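Reviewing the structure listed below.
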Amino acid sequence: QVQLVESGGGLVQAGGSLRLSCAASGRTLSRYSTGWFRQAPGKEREFVAAIIWAAGRTTYADSVKGRFTISRDDAKNTVYLQMNSLKPEDTAVYYCASAPVSGSYSYTRLSEFDYWGQGTQVTVSS
């Protein structure tokens, strides 16, 4: 059974940093793509960043480019999201998700991911 567990969320002031972790069991993350999504109150869940399976290619939403970095530690089977220069509009529940390999996927759409974590709250105060 595949499980994804997020951690590292919390309360931070604007301009601060947080690092989220997504630890996996039941699936080797280097053989799949992993994405981070977020959902703010009253809004739809949206794509944040993804790291594409073995090649490790990364893609980001325009709203976080230059501030967030996604990375993977294969030895720990964990994916990270380093978030710098945080803004109040980054406040949301952050979810990690895993997607199978597909040549047709962009790895930015929710429907492409088959396993999800429970989420971790990130709150950025102004």
Side-chain angles (χ1 to χ4, degrees):
Q1 183 178 359
V2 178
Q3 285 191 321
L4 303 175
V5 179
E6 302 97 335
S7 61
L11 173 64
V12 64
Q13 287 188 333
S17 299
L18 283 174
R19 188 178 79 157
L20 306 184
S21 300
C22 173
S25 59
R27 175 173 282 189
T28 301
L29 292 183
S30 61
R31 299 177 185 173
Y32 295 81
S33 297
T34 305
W36 285 96
F37 293 78
R38 66 187 182 186
Q39 188 166 18
K43 295 188 176 181
E44 293 187 349
R45 194 170 298 188
E46 64 176 6
F47 168 75
V48 174
I51 185 163
I52 314 303
W53 64 292
R57 180 174 63 85
T58 57
T59 185
Y60 297 91
D62 287 343
S63 59
V64 307
K65 274 182 186 175
R67 300 189 298 123
F68 291 11
T69 303
I70 188 170
S71 62
R72 190 179 67 215
D73 185 332
D74 292 344
K76 295 182 178 180
N77 205 29
T78 298
V79 168
Y80 302 98
L81 184 67
Q82 178 66 44
M83 306 186 296
N84 299 329
S85 302
L86 283 161
K87 305 175 181 180
E89 51 264 43
D90 295 318
T91 295
V93 177
Y94 283 71
Y95 300 88
C96 70
S98 179
V101 175
S102 172
S104 64
Y105 282 3
S106 68
Y107 299 107
T108 63
R109 295 186 288 264
L110 276 72
S111 60
E112 295 169 342
F113 292 82
D114 57 355
Y115 286 97
W116 291 80
Q118 83 289 348
T120 185
Q121 176 71 47
V122 171
T123 303
V124 184
S125 63
S126 58

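This is a predicted model, so every value here is computed, not measured.
- In this structure, Tyr107 and Pro100 approach most closely via the heavy-atom pair OH-O, 3.2 Å.
- Every side-chain hydrogen bond (donor to acceptor under 3.5 Å, both in side chains) that Asp74 has, sequence neighbours left out, goes to Arg72.
- Using a 4.5 Å cut-off between side-chain heavy atoms of Ile, Leu, Val, Met, Phe, Trp and Tyr, Tyr115 falls into a hydrophobic cluster with Val2, Leu4, Val12, Leu18, Leu20, Leu29, Trp36, Val48, Ile51, Tyr60, Val64, Phe68, Ile70, Val79, Leu81, Met83, Leu86, Tyr94, Val122, Val124.
- Ser125 approaches Leu11 most closely through the heavy-atom pair CB-CD1, 4.4 Å.
- In this structure, the ring of Phe113 has its center less than 6.0 angstrom from the ring center of Phe37.
- Among residues two or more places apart in sequence or in another chain, the side chain to side chain contact (heavy atoms under 4.5 Å, CB included) test is passed with Glu89 by Lys87.
- In this structure Gln3 satisfies the side chain to side chain contact (heavy atoms under 4.5 Å, CB included) test together with Ser25, sequence neighbours excluded.
- Inter-residue side-chain proximity for Asp90 and Arg67 is flagged as met; some heavy-atom pair is nearer than 4.5 Å.
- Every residue two or more places apart in sequence or in another chain that forms a side chain to side chain contact (heavy atoms under 4.5 Å, CB included) with Gln82 is listed here: Ser17, Arg19, Thr69, Asn84.
- Side-chain contact between Arg38 and Glu46: present, with at least one pair of heavy atoms (C-beta onward) separated by less than 4.5 Å.
- Listed for the Thr120 side chain is a donor-acceptor partner under 3.5 Å among the backbone atoms of Gly9.
- Between Arg45 and Trp116 there is a side-chain heavy-atom pair separated by less than 4.5 Å.
- For the salt bridge (charged side-chain N to carboxylate O under 4.0 Å, His left out) condition, the pairs that include at least one residue of residues 113-126, sequence neighbours left out, are Arg27-Asp114.
- Contacts classified as disulfide (SG to SG under 2.5 Å) and involving residues 16-109 (residues at least two apart or in different chains) are given here: Cys22-Cys96.
- Residues passing the salt bridge (charged side-chain N to carboxylate O under 4.0 Å, His left out) test with Lys43: none are found, sequence neighbours excluded.
- In this structure, Glu6 contributes its side chain and Gly119 its backbone to a donor-acceptor pair below 3.5 Å.
- Side-chain contact between Gln13 and Pro88: absent, with no pair of heavy atoms (C-beta onward) separated by less than 4.5 Å.
- Every side-chain hydrogen bond (donor to acceptor under 3.5 Å, both in side chains) that Ser104 has, sequence neighbours left out, goes to Ser102.
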(Q) Set out, in order, the CA-CA distance, both residues' side-chain angles and the distance that settles side-chain contact (heavy atoms from CB on, under 4.5 Å) for Leu110 and Phe47, then state yes or no. (A) CA-CA 8 Å; Leu110 276 72; Phe47 168 75; 5.9 Å; no
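- Looking at residues two or more places apart in sequence or on another chain, you find a side chain to side chain contact (heavy atoms under 4.5 Å, CB included) between Thr78 and Ser21, Ala23, Lys76, Tyr80.
- In this model, a donor atom of one side chain and an acceptor atom of the other lie less than 3.5 Å apart for Thr108 and Ser106.
- For Glu112, the salt bridge (charged side-chain N to carboxylate O under 4.0 Å, His left out) criterion is met by Arg109, not counting sequence neighbours.
- Taking the side-chain hydrogen bond (donor to acceptor under 3.5 Å, both in side chains) definition, one finds that Arg31 meets it with nothing, sequence neighbours left out.
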